[in-house]
Number of protein chains: 2
Amino acid sequence: MENLHDEPTKRRLLEVAGRVFAEKGFRAATVREICLAAEANVAAVNYHFGDKHQLYLEAVKHAHRQRIEQFPLPQWPEGTPAAVRLRDFVRTFLARVMHGEGRGWEVQLMLREVLNPTEATAMLVQEYVRPHFELLNSILAELLPESFPLERRRLLAFSVIGQCLHYRVGRPIMQLLLSEEDFRRLQPDLLADHISNVILAALGAAPPLAAEGESP
Amino acid sequence: MENLHDEPTKRRLLEVAGRVFAEKGFRAATVREICLAAEANVAAVNYHFGDKHQLYLEAVKHAHRQRIEQFPLPQWPEGTPAAVRLRDFVRTFLARVMHGEGRGWEVQLMLREVLNPTEATAMLVQEYVRPHFELLNSILAELLPESFPLERRRLLAFSVIGQCLHYRVGRPIMQLLLSEEDFRRLQPDLLADHISNVILAALGAAPPLAAEGESP
DNA sequence: AATTGAGTTAAACAATTGATTGATACGCGC
DNA sequence: GCGCGTATCAATCAATTGTTTAACTCAATT
């Protein structure tokens, strides 16, 4: 009969809880609201997850894993230039962060975790952030001389991440700041090119942005 | 309506409310907790501000105004080079955003507003974000050729803001990512120089970062 | 057929919350 | 003193919240 109930209640709760927690935060979200949206009984949360907080942790894990699978990094053939891999990295990261106006709740859930760290934050860093951060650093290392200090290379990595994340964190601000037309133009691919160009130009691996009419 | 002598409690309430709202968010913060910390009666909030939500709006305004006064932009003498003004802008913005581990609650309050826009957000953009965004754009315009498209110039402005904000938004992540020693090294002045250098190098107004032993 | 046990349900619980009330004290001009 | 408005207080209200409980369903197992 009801298609929704073909999926086990526990899974439905996880999905719905992720969305609601992302939208309203842990405290503001009520188990009643979640259970209503998941078409489950109010007691379902406590039965399947113990309590509200445990449901939250599971929802964060669930969302995070789902997002990685959704936008995997490309497999680079041996010898792919570092500049290309940087572009791909930025493109993938931006896609993960920006894709889906309504379906991007996974990212918002993680952003909440960042702004208000809980137990889940450390897991998120260890499992998700650190590997990507080190990959980005290894790419940058190939674009920089051996003598370039590790400390400054890390700052460059932060410059990449910071620019990317800003299009998610600052999105509501941009929407109020720009005309509807200009705001709509901020598409992931365009922004990925821009960010890559800024970094590559800053490194000297591409011509400066200010240079205009120069072509080979 | 309100006498000048009944300021103390109302002012105390504003200060404390800002801190608590920043720390726990609107919903999780309780008027009881705020009043207790402000050494005021539970009814004080409703008496002075009408209700909890109104107190929140006033607290946001208060925090935002206080932060601008605390770190004003320098007065540039006529003819100050655009590169210098860009550096100053980044430095000031970073200081506003990063300064004070425990006293930076004003920024956290605004970040919450960004992640979860309410009525106060539009006011914040109109009164605070837009003027600074246009100032930054005018500085960048001087560093770019006339023909440089406005759209791409705005992206550059976002690159500046994004890098700066990341050291506030991503701070908890960085603390988990870096060693305690490396994390402590992330001081505003150092970061301001880095960000300015990245942007100026990308524009061609400064030598590329990868260039090492080059000096005039 | 009887039993078991996981899953679901409605009802209720205790605690917390924002908001209201009525009383009281204080300061002021008259 | 008297009247009047402001501010604070303890007590309380009505609503919401997370959680618990006990009864019920139903398919698989014995």
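Throughout, a chain's letter reflects where its sequence line sits, starting with A, and its residues are numbered from 1. Below, all heavy atoms of this structure are taken into account, side chains as well, without hydrogens, waters or symmetry copies.
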Next on the checklist: What is the separation between atom CD on B:Glu39 and atom P on D:dC9, rounded to the nearest whole Å?
Outcome noted: 10 Å
Checklist outcome for this item: In whole angstroms, the gap separating P of C:dA19 from CG of B:Asp51 amounts to 5 Å
Next on the checklist: How many whole angstroms separate atom CG of A:Leu36 from atom P of C:dA10?
Outcome noted: 12 Å
Next on the checklist: Within this structure, what is the CZ-CG distance for the pair B:Arg171 and A:Leu115, rounded to the nearest 0.5 Å?
Outcome noted: 12.0 Å
Next on the checklist: Under 4.0 Å between a side-chain nitrogen and a carboxylate oxygen: does that hold for A:Arg12 and A:Glu39?
Outcome noted: no
Next on the checklist: Just the rounded figure in Å: distance from C1' of C:dT17 to CG of B:Leu55.
Outcome noted: 15 Å
Item to check | Atom pair CG/CZ of A:Leu136 and A:Phe158 - distance to nearest 0.5 Å | outcome: 10.0 Å
Item to check | Rounded distance (Å) that lies between atom P of C:dT17 and atom CZ of B:Phe26 | outcome: 13 Å
Item to check | Interatomic distance where NE2 belongs to A:His48 and P belongs to C:dT8 [whole Å] | outcome: 4 Å
Checklist entry - Going by the angle between their ring planes, with limits at 30° and 60°, are A:Phe26 and A:Phe21 parallel, tilted or perpendicular? => result parallel
Checklist outcome for this item: Here the gap from B:Arg65 atom CZ to B:Lys61 atom NZ, rounded to the nearest 0.5 Å, amounts to 6.5 Å
Using a cutoff of under 3.5 Å, can you pull out all pairs of nitrogen or oxygen atoms linking the protein to nucleotides 10-17 of chain D, with atom names and distances?
{"from": "D:dA10", "atom 1": "OP2", "to": "B:Asn41", "atom 2": "ND2", "distance (Å)": "3.4"}
{"from": "D:dT17", "atom 1": "OP1", "to": "B:Arg27", "atom 2": "NH2", "distance (Å)": "3.4"}

Checklist entry - Rounding to a whole Å, what distance do you find between B:Ile34:CD1 and C:dG18:P? => result 8 Å
Checklist entry - Tell me: CG of A:Asn46 to P of C:dA14, nearest whole Å? => result 17 Å
Checklist entry - Parallel under 30°, tilted from 30 to 60°, perpendicular over 60°: which one fits the rings of B:Phe93 and B:Phe89? => result parallel
